[in-house]
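What follows is a single structure, written as structure tokens, with notes after it.
Scope of the values below: all heavy atoms of this structure, side chains included, with no hydrogens, waters or symmetry mates. If you read the sequence from its start, that first residue is 1, and numbering goes on from there. When a ligand or atom number is given, it counts from 1 through the structure's own listing order.
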Amino acid sequence: MPSIQTKSAAAATQAERTPDPCVVVIFGASGDLTKRKLLPALYHLEQAGLLPEKISVVGVARRPLEKTFAPDMKEGIIAGGGVEESDPKLDPFVAKIQYHAMNFDDASGYEALKTKLAQIDKDNGTCGNRLFYLATAPEYFSDIIKYLGEHGMAKPANATAPDGCKTWVRTIIEKPFGHDLESARALNDEVNKVFEEDQIFRIDHYLGKETVQNILVFRFANGIFENVWNRNYIDHVEITAAESIGIEGRGPFYETAGALRDVVQNHVMELLSFVAMEPPVSFEASSVRAEKVKVWKAITPIHPADTVRGQYGPGAVDGKPVVGYRQEDRVHPRSQTETYAAVRLEIENWRWAGVPFYIRAGKRLSKRVTEITIQFKQPPLLLFKDHEGKGAEGIKPNVISMRIQPDEGIALRFGAKVPGPNMNISPVTMDFSYAEAFGKSSANGYERLLLDAMLGDGTLFAHRDGVEATWALITPILEAWAKDPIKDLPNYAAGTWGPPAADAMLKSDGRKWRKL
Ligand code: BG6
């Protein structure tokens, strides 16, 4: 059984936080996300006793998959969720999965869906509560939202159902939320016409990761770090989101996205806001979101000279040859899409003025690692400067590295005296490993977010202001890049650490990316 939290914590949480009975309706359910992530996550919640007893899951997609959908999801739970086929809760849970075929732009399909959901309420006591999950390609978001509104499915049927349970309707919207600032605003307008802001849950699965939530705990539940978490002590911050995988058959999507839209605008910006935000007045959704938005708004406009883009060519990953981006399926042979992006930025506020933040994200890099590095300044007096004996590495600045994934943990580097008659100093590391401290987990991040959405807790979801603030930062870079195609693509071989220009960017500041 996956430990998404320790047993006692799970029991305590369960007592406090069991959602109301509800139907989870997944649009775009024939896609990869549903089978690989959403159903395994729902099942992990079921295993941990965190789901209501009365729950139904309805997959919605175009193809007629009525017969195969539930068995297929069962397979996904077993393969993607690390679940044994013999798990006693599995078959009863799979029995709660249904399917509804319809075209997302066909009004009659929504009427039929509405009738089906009403029947499920009658049969299963799900009280009219709905969690709509938009996991389709983004071009369908507007239609689905509009039709849900037109068919009276976006508002709770009545405030309180006959048996006393509260009724609610909420919608989770997958990324990408918009393509640039203008489209994100337009989508926000469309969604806000139909749903109230507190019904909308714009998901970024990074916020479901324990290690990401732990950034706030590390900073604000400990007394010692916050005192040095500022420009007086920190030299610079690096955020790396490196992947060794390529685009995994998603050519048409990736061609319209690129690394900046796919990962930097959302996942990396979320990480950055957690690292840089001021302590919120409480852990309420509105307080946390307000502090995040302040960070994004304090970032000075990013000059194109402070950006690097790259695209991978053929190379080798884990010793195996792989094709270049332009040779991937359904990718233009002269594509300009970036599979790597690096950005240098500054946050102009009292805490961070003058501290560079270097961020990089890319596909087909040497290895999969997402890490935040806080590099501290050298101590003001290098007392031991003349004592760095041969053979010792000498004094290096302190570093706190937060390993978001894999090998989740946090390490602190400091100098220590090498045993012996001389005053030789070497960097050593104090290391906290999640797996060692709390045991291994097969949770994928969606568990917490699905549960929170069922509970109506928007703390870990993006708000309208936040989405627009991050697009406001990224859109000018996209526009500058579009006007200035680069000639030397591909400019890094698959399996390396990205284009040399990214190293040069740090070198010009007298720095180097941390070796990961
Ligand atoms: C998704 C991107 O949002 O995040 C993918 O669309 C990327 O391209 C993925 O691979 C990374 O997520 P994780 O959890 O594997 O780091």
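- Using cut-offs of 30° and 60° for the angle between ring planes, the F69 and Y99 rings count as tilted.
- If you number the atoms of ligand 1 from 1 as listed, the ones under 4.0 Å from a heavy atom of K363 come out as 5 (C), 7 (C), 8 (O), 10 (O).
- The shortest contact between atom 15 (O) of ligand 1 and any protein heavy atom is with R368 NH2, 3.6 Å.
- Side-chain contact of E255 with Y325: a donor-acceptor pair under 3.5 Å is present, judged by distance alone.
- Within the listing of ligand 1, atoms 1 (C), 2 (C), 3 (O), 6 (O) sit less than 4.0 angstrom from a heavy atom of K175.
- Under the 3.5 Å distance criterion, the side-chain polar atoms of E238 are left unmatched by any main-chain donor or acceptor of I359.
- For the ligand labelled ligand 1, residue Y206 lies inside the 4.0 Å heavy-atom shell.
- Side-chain contact, S183 with D180: a donor N or O sits under 3.5 Å from an acceptor N or O.
- Residue-ligand proximity, D262 to ligand 1, at heavy-atom distances under 4.0 Å covers atoms 2 (C), 5 (C), 6 (O), 8 (O).
- At a threshold of 4.0 Å, the pair E408-K209 does not count as salt-bridged, since none of the basic side-chain nitrogens sits closer than that to a carboxylate oxygen.
- Within a 6.0 Å sphere centred on CD of E182, heavy atoms belonging to other residues, nucleotides or ligands number 12 at most.
- Each of the following atoms of ligand 1 lies closer than 4.0 Å to a heavy atom of R250: 2 (C), 5 (C), 6 (O), 8 (O).
- When only interatomic distances are considered, the shortest N/O to N/O separation between E243 and ligand 1 falls below 3.5 Å.
- The nearest protein atom to atom 16 (O) of ligand 1, hydrogens excluded, is given as Q405 NE2, 2.6 Å; this is a heavy-atom distance.
- Under a 4.0 Å criterion applied to the non-hydrogen atoms of H267, ligand 1 contributes the atoms 1 (C), 3 (O), 4 (O).
- For K209, a nitrogen or oxygen atom sits less than 3.5 Å from a nitrogen or oxygen atom of ligand 1, counting backbone and side chain alike.
- Using cut-offs of 30° and 60° for the angle between ring planes, the H205 and Y446 rings count as parallel.
- Between E190 and K146 there is no salt bridge, since no side-chain N of the basic residue sits under 4.0 Å from a carboxylate O of the acidic one.
- When only non-hydrogen protein atoms are considered, atom 12 (O) of ligand 1 lies nearest to H205 NE2, 3.1 Å.
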